[in-house]
Amino acid sequence: MELLVASAVGILTAAGIYLILRLRTFPVILGLSLLTYAVNVFLFATGRLAVGAPPVLNKYQEVAYADPLPQALVLTAIVISFGMTAVVVMIALGAYLSSKTDKINMTDDHTAGDDA
Amino acid sequence: MSLFLIAALPFLGAVFPALLIRAGRNASASAAGLTTLLAFVGLMLHAPAVLRGETIQARFDWLPGLGLNANFFLDGLGFLFATLILGIGLLIILYARFYLSRQDPMGQFYTYLLLFQGAMVGIVTSDNILLLLIFWELTSLSSFLLIGYWKHLPAGRQGARMALTVTGSGGLAMIGGMLILGNIAGSYDLTVILQNKELIQASPLYLPALILILLGCFTKSAQFPFHFWLPHAMAAPTPVSAYLHSATMVKAGIFLMARMWPALAGTPEWFYIVTTAGLITMVLGAVIALFKDDLKALLAFSTVSHLGLITMLLGFGTKAAAVAAVFHIINHATFKAALFMSAGIVDHEAHTRDIKRLGGLRHLMPVTFTIAMVASLSMAGIPPLNGFLSKEMMLEEASHTYWLDNPYIIPALATFAALFSAAYSFRFIAHVFFGPKRDDYPAQPHDPGFGMWAAPALLVVLVVLIGLFSGTLVGPVVQAAADAVTGSHPKVYLKLWHGVNPALIMSGIAVVGGILLLSLHRHVEALWNALPRPEAKAIFDKYIGALTLLADRVTAGVHNGAITRYGLIMVLFTTGISYLAFKTGTLPDATRAVQSVGALPVLGWIALVVATGFILLHHRNRLLALVLIGVVGLVVSLGFNYLSAPDLALTQISVEVVTIILMLLALNFLPKETPVESPVGTRLRDGAIAVAAGLGAGGLIYALMTRDFAADTISGFHLANSYKGGGGTNVVNVILVDFRGFDTFGEIIVLGIAAMVIYALTEAVLGSKVRAYLLNRTPDLPQAGDAHPLMMVVATRVMMPVALMVAAYIFFRGHNLPGGGFIAGLIAAIAIIMQYMASGFGWAADRQRFQYHAIIGSGVLIAAATGMGAWFNDMPFLTSAFGYITWAPLEKFEWATAALFDLGVFLAVVGAVLLTLESLSRFAWQPGITSEHAMDINPARDDDASKTEEGA
């Protein structure tokens with residue numbers, strides 16, 4: 001199980017970074033999303049894996065629980081990453097509409113479009 | 001009146017002039033004046049006690065952990081300075097009311113002035129050096145505003161910038177010095193520091209602390225080699241110059257040297273640094289002042305010279321010299337403020353302050369002439385005026401001070417400076433007011449109204465009275481201040497006639513020499529102009545220019561617009577740090593057994609890997625990649641669910657929905673394809689980087705998961721206390737709304753800010769030329785024949801209440817079962833977005849009752865109010881309470897304040913998500929795409945058909 005999660009984190013990270021290195025806004029956004037998954041799963045997994053042990057207290061008997069703390073952290077991280085993605089998307093959209101290019105590096109000749 | 005109030009009054013009052021300017025200039029000036037008067041009266045109420053030798057204190061522990069306490073104290077020295085600051089402040093307020101013209105924004109002026117005044121009063125009454133530093137920096141900032149008050153003048157802006165650069169960097173040095181000092185003394189309280197002279201002077205860090213503190217004092221008080229900013233600050237309006245350079249700003253450095261005198265003075269280091277700097281400044285300022293044709297520049301260099309004089313006296317380190325320094329502070333403040341105001345009157349009436357264009361004004365402006373003459377004579381050191389007394393004391397002290405065992409250097413140079421001082425003072429009278437009347441003044445000069453000359457006249461009366469009755473009039477204040485400076489009780493002996501002594505002879509040489517020098521002024525000036533001399537401003541500009549260039553180079557090198565470069569720097573840095581941590585840490589053996597896997601996780605894993613692989617293969621087809629991202633997200637949510645994190649699964653899947661919608665909205669306007677542009681080599685390189693990163697991340701988490709926690713975690717505490725302390729069985733939710741409620745509170749604020757940023761960006765982009773482009777844009781993909789299909793419209797409408805019900809259910813069960821405000825908020829937002837999608841933006845916007853901004857705001861406010869509710873039970877912010885309520889006919893149920901907090905979270909999430917998506921949707925809005933009858937399902941009408949025909 002650990003190997004599956006770890007390899008999934010690795011694959012998502014690698015794919016995310018490869019897409020970010022395409023240096024165009026939309027692949028970067030997709031890459032960031034993949035990277036976000038990877039980071040969230042990574043953080044979640046720092047609490048170690050447990051199957052069938054949700055951290056909802058059982059009043060009737062003593063049972064094992066999964067670590068609730070990383071879960072709480074990751075929950076807010078997911079919501080915040082939505083906010084971050086939204087801002088990045090907005091910036092990408094604004095930049096593309098203003099400059100008519102969706103490249104993210106500004107070192108090329110057409111740094112600013114005619115509509116900027 | 002409490003010292004807190006006296007120090008706070010100018011700050012509190014600073015609001016009023018700016019507001020009352022709408023009621024007229026008099027109202028604005030009166031507000032400033034009354035505030036200052038009130039503080040002045042409050043100060044005077046303490047006068048009897050202070051003059052008796054008592055110290056008034058007001059203490060308040062602000063940040064005791066840092067040693068930063070809002071402690072104020074008022075002793076003789078602080079009292080003297082506060083009197084000067086507030087008293088001359090009052091006169092300046094009066095003078096400025098008549099000096100400033102109608103075009104000048106007077107409200108701003110008085111607001112700046114009061115801010116500055118408050119900062120100064122704060123400096124002289126602080127009993128904590130950290131607090132003092134805060135006020136110190138505030139004077140730098142507020143004086144920047146005052147000096148640059150005439151924003152339209154380049155000289156004003158440059159002068160303000162130079163003053164801020166010099167005094168600000170000195171202030172930075174002083175922070176270091178003060179921290180060292182506080183460290184040595186073991187306390188940041190001045191009263192403690194001043195009693196630890198031996199400890200401080202014996203410390204090996206004494207010299208660094210001394211140099212750093214003196215850097216702060218010297219820059220502020222314009223001592224050589226930092227004297228050059230002061231003349232450039234003369235670009236300010238004259239009331240500012242009169243205030244800053246007579247009684248306040250530049251005296252702050254003097255004040256601090258006097259304040260620290262008991263702790264720092266008396267050592268050879270102190271003597272040589274302070275005395276030498278003071279001596280050079282005094283001579284240099286006096287010489288340059290004689291050759292300045294601008295009245296204010298003359299006064300500026302004369303101020304530099306007199307500050308040097310006071311610095312030198314403080315540097316002597318003897319008690320008698322300290323008494324002389326204190327006395328000269330009073331005298332200089334009175335005559336110099338009067339002189340600046342007279343110069344301002346001449347400038348105001350004759351429209352020039354160039355001495356070469358003036359002359360013969362004594363009959364045209366008799367009142368101004370009288371004021372200026374008395375003040376100048378005092379500056380020259382003519383008996384019986386007050387300047388004479390303190391200059392005699394200075395010369396007396398100089399006459400028996402040895403510099404490197406040489407008895408002549410200091411007396412000779414002091415006399416030399418006094419000679420030039422006499423010469424420029426006489427020049428101020430002779431070349432401006434005497435001589436023949438001219439007919440080429442830029443404006444016909446005449447005396448101003450009473451309001452304008454009242455303030456300098458009062459000061460000049462003081463100049464005469466202090467000179468004649470020094471012992472009775474200012475003796476007690478000087479005594480109290482000298483006691484405070486020296487930390488003992490020196491004999492203060494102020495009188496006019498001391499008999500024929502070396503000082504009187506030196507004084508006589510200076511006056512006679514001064515008259516002679518002035519009579520030769522034309523020849524000496526020609527000589528002076530022929531001499532090469534360094535121009536301080538040019539050097540400063542060159543130095544600043546080099547710094548700016550360096551900063552530009554560094555910025556351009558690092559910040560070149562290529563995100564790849566920032567990424568590279570960040571990655572290299574973190575990799576380096578991580579490698580260091582890895583090398584220096586220890587890696588224990590794997591202790592946790594790897595868990596076995598069922599078929600289901602493997603299937604999920606395969607789905608994830610395949611989807612990711614297809615994304616990589618087909619990422620150029622952006623829509624397809626987006627769909628596949630959705631698959632990945634789904635697998636991740638299922639994974640969370642499988643691995644005992646139901647809350648995460650619910651959150652992930654609902655966030656997934658809104659994220660995909662968001663990206664679809666954006667993709668509508670972005671290119672649908674990514675072109676092939678990077679060569680194979682680049683792609684291989686990127687692939688190698690990606691694989692390395694993936695192996696690193698995967699390996700790290702694998703290593704982590706197969707080992708036990710290195711230390712006890714705090715999760716056990718949360719599990720044990722979730723029900724007992726937080727009243728909920730869903731530990732994740734209790735952590736969010738209770739244990740870590742403050743974090744969550746911050747999170748929803750961040751989310752709200754993100755939504756606002758998106759809204760603002762939308763406004764900005766749509767306000768630009770982009771709007772025209774969007775309106776005229778033809779979609780690049782074929783559009784759906786029916787934007788709002790009937791089936792979808794009906795389905796979403798039917799689902800809306802159901803979806804909201806689900807949201808409510810998820811919300812209420814959240815405390816005990818998976819759910820809560822975050823998830824409920826996302827579900828509710830999705831329910832509303834469905835209406836936007838199915839029925840159209842216009843239709844949904846028409847039915848929107850509450851603005852999303854307001855929803856976000858109310859969410860944050862509700863969460864904050866819930867948190868603050870705990871205060872009423874004497875509990876810290878966000879302490880939650882819970883209990884059981886019985887409402888017939890319902891069963892007994894549990895209710896926790898955390899639920900109210902969760903409601904705030906819910907509202908903030910709903911508002912933020914909807915504001916974000918609504919903002920993006922507005923890009924797509926075009927006139928004509930909203931159907932008049934989008935949700936009006938009327939089979940009788942056939943306009944859908946007609947539209948399709950048009951489209952076809």
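No hydrogens, no waters, no symmetry mates; every other heavy atom, side chains included, goes into these values. Here is how names work: the chains are called A, B, and so on, in the same order as the sequence lines, proteins then strands, and each is numbered from 1. These numbers come from a predicted model, not from an experiment.
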Heavy-atom cut-off 4.5 Å, strictly under: side chain, backbone, both or neither for B:T916 against chain A?
side chain

So which part of B:L920 gets closer than 4.5 Å to some heavy atom of chain A, the side chain, the backbone, both or neither?
side chain

Max heavy-atom pairs within cutoff under 4.5 Å with chain B, candidates A:P70, A:P55, A:G83, goes to A:P55

Chain A contact via B:L608 - side chain, backbone, both or neither, heavy atoms under 4.5 Å:
side chain

With no hydrogens and no angle check, do the side chains of A:R22 and B:S678 hold a donor and an acceptor under 3.5 Å apart?
yes

Please classify the contact of B:L643 with chain A as side chain, backbone, both or neither, using a heavy-atom distance under 4.5 Å.
both

So for B:T564, is it side chain, backbone, both, or neither that comes closer than 4.5 Å to the heavy atoms of chain A?
both

What residue, out of B:R592, B:R565, B:R685, B:H718, has the most heavy-atom pairs lying under 4.5 Å from chain A?
B:R592

Quick check on B:Y702 against chain A: is it the side chain, the backbone, both or neither that has a heavy atom closer than 4.5 Å?
both

Going by side-chain hydrogen bond (donor to acceptor under 3.5 Å, both in side chains), name the residues that satisfy it together with A:T85, two or more places apart in sequence or in a different chain.
none

Under 4.5 Å heavy-atom distance to chain A, tell me which part of B:I714 shows up: side chain, backbone, both or neither.
side chain

Side chain from CB out, backbone as N, CA, C, O: work out which of these in B:V658 comes under 4.5 Å of a heavy atom of chain A, or both, or neither.
both

Can you give each donor-acceptor pair under 3.5 Å made by side-chain atoms of residues 748-765 of chain B, sequence neighbours left out, with the distance rounded to 0.1 Å?
unit_1, atom_1, unit_2, atom_2, d
B:T762, OG1, B:I758, O, 2.7
B:E763, OE2, B:R922, NH1, 3.4
B:E763, OE2, B:R922, NH2, 2.6

